[in-house]
Amino acid sequence: MRGEMEDSGFRAIEFDGHRLRLIDQRLLPATEYWLEIPDAEAAARAIRDLVVRGAPAIGITAAYAAVLAARECRGDSGAWNDALDRLERARPTAVNLSWAIARMRRCAEGPGGVDPDALLEEARRIHAEDIEANRAMAQAGAGMLGDSVGVLTHCNTGSLATGGIGTALGVIAEGWRRGRISRVYADETRPWLQGSRLTAWELARLEIPFRVIVEGAAASLMAAGAVDWVITGADRITANGDVANKIGTCMLAVLARHFGVRMMVVAPSSTVDPNLPSGASIDIEERDPAEIWRAAGIEKVPAGFDSYNPVFDVTPGHLVDCIVTEQGVHSPPYRFTVPGAA
Ligand SMILES: CSC[C@H]1O[C@H](OP(=O)(O)O)[C@H](O)[C@@H]1O
């Protein structure tokens, strides 16, 4: 066993009941700067501009933003629902955003209507449930690892992407604490560099040794036998276990299956969308192509230099060896159902 906690205690979202504050993830790792978010419009901008990102984190942010909107709208449910519509449009792929907003709308259907105090309790429940789900997934996922394994993770799935210790990165932190992980690789995750900027920053705070690689190095690393598990998060998991996640995840899953490396996806139930039968109909977010050039240090793009910037892809469920949620470890063939459905 190493150390006593897989939790650095860091949290990316703060709401004291009055002020919503987010660490500006665009500036990490160089600068730790907290933005105060005064209203729902500012929260929608923060989600859209990736001040805050990560499926559970944007859901929790939206839940607190719904409280701010309720205070602004003073009981006007039409104005409040319009504000929630704008929040929901901020990013299309992560189901947690619409899931959290749907929970807040259901809370307002109660006798109190658009009651800021009742909504604040619901937002805090959403946040607390995610913190607990993170802990449960870290334990369940770490229990799947063998001894002295090498892991490769993609994008960022830690405290910056969730309400607690993280999803995939929570498993890695717990696996490290148990002494089961001997090598941690984090790929850069272009173009926004969530891996080399954010996961590196989190692992350093956790004092877990790691090495950053370019995505292109994944195949040779697996061929050399350095990787036993690819462990990622998710933004939307459909009924059959198809996984929408950061662009490049499907590439890693195909490589993993080819090289006999196992693939673990770690996500809370709030990331599962059982209403979608498969990943074919997931709305994949495309972002400004300039993000690609910016990652290469090119601010002024020469004429005729075109690019295409989808920021998620869909990994077929059959390439995923296990999906870890707070309810436990799921194995293929996956059948996620609507809670309470026959
Ligand atoms: C723990 S969910 C993290 C999930 O969200 C990331 O996307 P983005 O950084 O664009 O919000 C990525 O897909 C991660 O796996």
Side-chain angles (χ1 to χ4, degrees), residues 11-13 22-26 28 46-62 90-100 127 130-131 133-135 137-138 141 152-173 186-202 215 230-237 242-253 263-273 279 282-288 291-292 295 309-315 320 323-326:
R11 296 295 179 262
I13 305 163
L22 301 171
I23 191 166
D24 189 338
Q25 300 188 30
R26 299 173 298 184
L28 290 173
I47 291 170
R48 188 169 49 248
D49 297 345
L50 307 189
V51 167
V52 61
R53 30 64 49 199
I58 62 178
I60 294 163
T61 300
R91 293 190 77 191
T93 306
V95 68
N96 305 63
L97 181 54
S98 51
W99 170 86
H127 196 165
D130 192 66
I131 291 169
N134 287 188
R135 289 201 187 99
M137 293 187 290
L152 167 59
T153 193
H154 187 59
C155 198
N156 170 256
T157 59
S159 299
L160 291 168
T162 64
I165 59 174
T167 57
L169 206 55
V171 170
I172 291 170
D187 69 34
E188 282 183 307
T189 315
R190 286 180 172 269
W192 214 69
L193 307 177
Q194 288 93 331
S196 52
R197 293 190 306 109
L198 306 180
T199 295
W201 183 79
E202 291 208 56
E215 277 96 311
V230 171
I231 306 179
T232 77
D235 291 82
R236 191 182 296 249
I237 300 171
D242 289 351
V243 175
N245 196 51
K246 183 53 52 199
I247 189 79
T249 303
C250 185
M251 174 183 71
L252 293 175
M263 174 92 179
M264 180 191 296
V265 170
V266 187
S269 306
S270 53
T271 304
V272 177
D273 183 1
I282 295 175
D283 185 350
I284 297 296
E285 179 184 2
E286 281 188 47
R287 295 184 64 88
D288 180 357
E291 289 182 355
I292 294 176
N309 186 22
V311 294
F312 295 101
D313 61 21
V314 177
T315 299
V320 181
I323 294 176
V324 178
T325 72
E326 71 278 14

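Just follow the structure's listing: the first ligand is 1, and inside any ligand the first atom is 1. It should be emphasised that the depicted structure is a prediction, and the values quoted were computed from it without experimental measurement.
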- [ ] Show your working on side-chain hydrogen bond (donor to acceptor under 3.5 Å, both in side chains) between Asn156 and Arg197 and close with a plain yes or no.
- [x] CA-CA 9 Å; Asn156 170 256; Arg197 293 190 306 109; over 6 Å; no

Task: Under 3.5 Å donor-acceptor, Glu285 side chain and Phe312 backbone - done: no

TODO: Drop me the distance from Ile172's CD1 to Thr153's OG1, to the nearest 0.5 angstrom.
DONE: 4.0 Å

TODO: Any chance you could measure Asp187, atom CG, to Thr199, atom OG1, to the nearest 0.5 Å?
DONE: 8.5 Å

Task: Asp235-Thr93 side chain donor-acceptor pair, cut-off 3.5 Å - done: no

Open item on the list: Just to be sure I understand the cut-off, which residues have at least one non-hydrogen atom under 4.0 angstrom from an atom of ligand 1?
Closed with: Arg53, Gly54, Ala55, Pro56, Arg91, Cys155, Asn156, Thr157, Ala161, Thr162, Thr167, Gln194, Gly233, Ala234, Asp235, Asn245, Lys246, Phe312

Open item on the list: Can you confirm whether the side chains of Gln194 and Arg53 place a donor and an acceptor under 3.5 Å from each other?
Closed with: no

